[in-house]
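For reference, the structure discussed in these notes is given below.
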Amino acid sequence: MNKIKVVVTGAAGQIGYSLLFRLASGEVFGNDTQVELSLMDLPQAMKGVEGVAMELEDSGFPTLTRINCYDNADTAFRGVHWALLVGSTPRGPGMERSDLIRANGPIFVGQGKALNQADSALRVVVVGNPCNTNALIAQANCREIPPHRFSAMTALDELRAKAQVAKKAGVNVGAITNLVVWGNHSTTMYPNFEDAKINGALASSVISERRWFTESLLPAVQNRGAEVIAARGKSSAGSAASACISHIKNFLGKTPQGEWFSAAVPSDGHHYGVPKGLMYSFPLVSGGDGTYKIVEGLELSAYSRERITISAEELLKEREVVKDLLL
Ligand code: NAX
């Protein structure tokens, strides 16, 4: 039996509630892996965390060997192999994006430093928003772990885009590949429909009307979160947890030949003009052995290049807002 220790922050929150059971079930790490789950949240949320722990216990997952509840990162992160950083300060009324970035910065400084106590094979996934810049702050404050083990989640944007294209083309969502989200998890994100495929053919050869992509698909993906809130009265949680599961599986498995997936990872400055150090969502392929690569040599149109640059510029501005936290 393999053994793995996973910490989830924001464990009393909505995404935590959808995510934890699936991590415990064997779906992600396999039925031959024993999972020790650490549930971390703020001290005032510990009663809720204990309730979730009871329900996990009552679910009877044979793969779940131990549940720990913590109200601080220093203890919670000790020896973990995967850290799923979901908890963050929500956007309050009248808050600008830069206020949200500043409000969350100190959390990810503290959590980044606490991650120095993790297992040396640690992988980090940041879900809590603004996830790209939060991931950058955590990575910059964690000197013991190589930067490429940090990522931020853009899989939900990818899955939302795939769902829209599948509906338009009248195919199953599994037929859509290589529809990768570039950049920031924000309104500047760019779901690159130009390289997307439907049953292996370029999407543009199936949906010939380019205006549908630029005028319907892109706003639909950007506004989907707000639409869910309007309908449900709460933000996306089940789909966000599913996207997090996909994100982890994408990094654990070997990407099928010729396909790509989206995640924000540290830019090395050598790909598509994205400045070094930004936590930027690229098309990636995973080797299935803990390694991954940014897909190289894509011939991007002027339209795509412009969108990719706009998102990089936004991330540069976000980095500027938190530059004192990256030292
Ligand atoms: P909830 O408000 O339901 O839960 C958040 C939980 O985090 C709460 O229990 C809170 O006590 C806890 N928390 C706050 N600060 C913490 C800290 N310093 N340490 C540990 N826990 C802390 O939010 P939920 O709907 O679960 O969303 C969580 C985060 O995911 C939010 O930041 C949200 O914006 C972000 N999302 C990111 C997405 C993405 O694609 N990257 C999509 C979904 C979601 O919007």
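Numbering of ligands and ligand atoms starts at 1, following listing order.
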Atom pairs and distances, ligand 1 N/O vs protein N/O under 3.5 Å:
unit_1: ligand 1; atom_1: 3 (O); unit_2: Gln14; atom_2: N; d: 2.9
unit_1: ligand 1; atom_1: 9 (O); unit_2: Gly13; atom_2: N; d: 3.4
unit_1: ligand 1; atom_1: 9 (O); unit_2: Asp41; atom_2: OD1; d: 3.4
unit_1: ligand 1; atom_1: 9 (O); unit_2: Asp41; atom_2: OD2; d: 2.7
unit_1: ligand 1; atom_1: 11 (O); unit_2: Asp41; atom_2: OD1; d: 2.6
unit_1: ligand 1; atom_1: 19 (N); unit_2: Gln111; atom_2: NE2; d: 3.4
unit_1: ligand 1; atom_1: 21 (N); unit_2: Gly10; atom_2: N; d: 3.4
unit_1: ligand 1; atom_1: 25 (O); unit_2: Gln14; atom_2: NE2; d: 3.0
unit_1: ligand 1; atom_1: 26 (O); unit_2: Gln14; atom_2: N; d: 3.3
unit_1: ligand 1; atom_1: 26 (O); unit_2: Ile15; atom_2: N; d: 3.0
unit_1: ligand 1; atom_1: 32 (O); unit_2: Ser88; atom_2: OG; d: 2.6
unit_1: ligand 1; atom_1: 32 (O); unit_2: Asn129; atom_2: N; d: 3.0
unit_1: ligand 1; atom_1: 34 (O); unit_2: Asn129; atom_2: ND2; d: 2.8
unit_1: ligand 1; atom_1: 36 (N); unit_2: Asn129; atom_2: ND2; d: 3.4
unit_1: ligand 1; atom_1: 40 (O); unit_2: His185; atom_2: NE2; d: 3.3
unit_1: ligand 1; atom_1: 41 (N); unit_2: Val127; atom_2: O; d: 3.3
unit_1: ligand 1; atom_1: 41 (N); unit_2: Met153; atom_2: O; d: 3.3

**Item:** CD/Gln44: more than 12 non-hydrogen atoms of other groups inside 6.0 Å
**Value:** yes

**Request:** Over 60° means perpendicular and under 30° means parallel, so classify the ring planes of Tyr280 and Phe282, tilted if in between.
**Result:** tilted

**Ring geometry between His247 and Phe251 (parallel below 30°, tilted from 30 to 60°, perpendicular above 60°)** = tilted

**Request:** Would you tell me whether Thr154 and Asp157 have side-chain atoms, one donor and one acceptor, within less than 3.5 Å of each other?
**Result:** no

**Message:** What I want to find out is whether Lys317 reaches Glu314 closely enough, with some N-O distance under 4.0 Å, to be called a salt bridge.
**Reply:** no

**Request:** Mind checking ring-ring contact (aromatic ring centres under 6.0 Å, His included) for Trp182 and listing every partner two or more places apart, or none if nothing turns up?
**Result:** Tyr272

